[in-house]
**Student:** 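Sending over a structure as structure tokens; questions will come in a sec.
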2 protein chains.
Amino acid sequence: MKKVKESATEKIILEAARKVFIDKGYYGARMQEIADEAGINKALLHYYFRSKEKLFETVFLEAFVKVVPSVLVILNSDEPLFKKIEHFVNNYIDILTENPFIPGFILYELSQNTKRISSLIRGTGLNPQFFIAQIYKEIESGSIKNCDPRQLIIHMLALCIFPFVAQPILQAVFFKNSVEEYRQFLRERKAEVSKFIIASIRKQQEEEITFSNPIQ
Amino acid sequence: MKKVKESATEKIILEAARKVFIDKGYYGARMQEIADEAGINKALLHYYFRSKEKLFETVFLEAFVKVVPSVLVILNSDEPLFKKIEHFVNNYIDILTENPFIPGFILYELSQNTKRISSLIRGTGLNPQFFIAQIYKEIESGSIKNCDPRQLIIHMLALCIFPFVAQPILQAVFFKNSVEEYRQFLRERKAEVSKFIIASIRKQQEEEITFSNPIQ
DNA sequence: GTCTATATCCAGATAGAC
DNA sequence: GTCTATCTGGATATAGAC
């Protein structure tokens, strides 16, 4: 509503703030640390963003937009169900791999400040109705088993997002704390997750013409 | 190592600290708030637990023990695989329903303080080797499809834990923010999740004698 | 716009009376 | 063991020079 042009300094500050807030959370973050990270001093932070709270809101909203609505585009597309699921899983795991700490950040800050949620949802137009309708159609047409579409969607989200939220402990328990092994695991996971979902919901009695080519 | 008997006051403090720390996180929590919640004053907190850090460690360890190793008992039991998966999912979702905020608390604090992890894992004997071996055996015997056991375990964990970590946003998007509807959804989810997993990994070519009675 | 210096506040921690 | 009062450090935020 007000941003016409961002100065270079403003960008540097935001970049630094993103890093520190996502790493430490709102209360754990220190304005001093953000200033150091940006190579400037605290006073400038307040010059550009009036308060810690304002700066945080900016960072949080950017992070939210980067990771949440991008999902919706795929779920609201016109693809057939199985193809869409593959498409969704592949894309989402890619996005999260590039921003591995954002899911934990968002979920944590949302659970701390529940008030934020409703305006966020309105603002970004989060609405799964189209996708839910598509699932119902597939159930009626007999191509997938009967299920609660909301359960299915949450299965999908869980399988994609959880490995990032729980990265530290999973990495320690299953991968000797090797970041590289964990990365490899996530790459393999893309194919695993969509296969896992589709195998579970597909009806096998009648042979169906389905769209499970691992395209893209 | 030192706790022989807990005084009544100590219990009250721990109860209050649990509540505030789990709600607000380490940095968000205030000793004053814990004192108020416990109906005593700040000085007493320091009398019983020397510092905020010590108090937190106690609360965190208790929460961790309540939710993490209890899982292991089931996964290391002698049940056949499908029965074990049902057993695990049912039990775990029950435990988390009773402690809905602990997963987010643990995952967040662990991601903030990665150092904590390795000693925790040693201390609680987290080791999935037995369960992994069982999965390999089932693959060889042909009762389930080929897969990476670690992927399967993480599927299981994700499907159980994620709905609790993401409760605020899921409740808002799918359940008009109704706590009661969300509870109902979680109850239904128990049956859904184990069905979902087993349907996906089971081999359907040969008829197998499997153990999918929804016992317990 | 950017800095240094400072005001203000509030948190964790301690001293010491009871 | 439990309290009130206080110390001390560190955080956000501002004033004002350059």
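Labels below follow one simple rule: chain letters A, B, ... track the order of the sequence lines, proteins then strands, and each chain is numbered from 1. All of these numbers come straight from a predicted model, not from anything done at the bench.
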**Student:** Please, which pairs that meet salt bridge (charged side-chain N to carboxylate O under 4.0 Å, His left out) have at least one residue in residues 15-28 of chain A, sequence neighbours excluded?
**Tutor:** A/E15-A/R18, A/R18-A/E62, A/K19-A/E37, A/K24-A/E33

**Student:** Whole Å only: how far is the CD atom of B/E33 from the P atom of C/dC10?
**Tutor:** 15 Å

**Student:** Under the side chain to side chain donor-acceptor pair (under 3.5 Å) rule, what pairs show up with a residue in residues 151-161 of chain B, not counting sequence neighbours?
**Tutor:** A/R189-B/Q151, A/R189-B/H155

**Student:** Quick one, give me the B/S/- string for nucleotides 2-18 of chain D, reading 5' to 3', where B means a protein heavy atom under 4.0 Å from the base and S means that only happens at the primed atoms, P, OP1 or OP2.
**Tutor:** BBB------SBBBB---

**Student:** Sort and list the pairs that fulfil side chain to side chain donor-acceptor pair (under 3.5 Å) and have at least one residue in residues 95-109 of chain A, not counting sequence neighbours.
**Tutor:** A/Y108-A/Q112

**Student:** Mind jotting down which residue pairs meet the side chain to side chain donor-acceptor pair (under 3.5 Å) criterion with at least one end in residues 117-126 of chain A? Sequence neighbours excluded, please.
**Tutor:** none

**Student:** Could you list the donor-acceptor pairs under 3.5 angstrom formed by side chains in residues 39-46 of chain B, with sequence neighbours left out?
**Tutor:**
residue	atom	partner	partner atom	Å
B/N41	OD1	B/L44	N	3.4
B/H46	ND1	B/K42	O	3.4

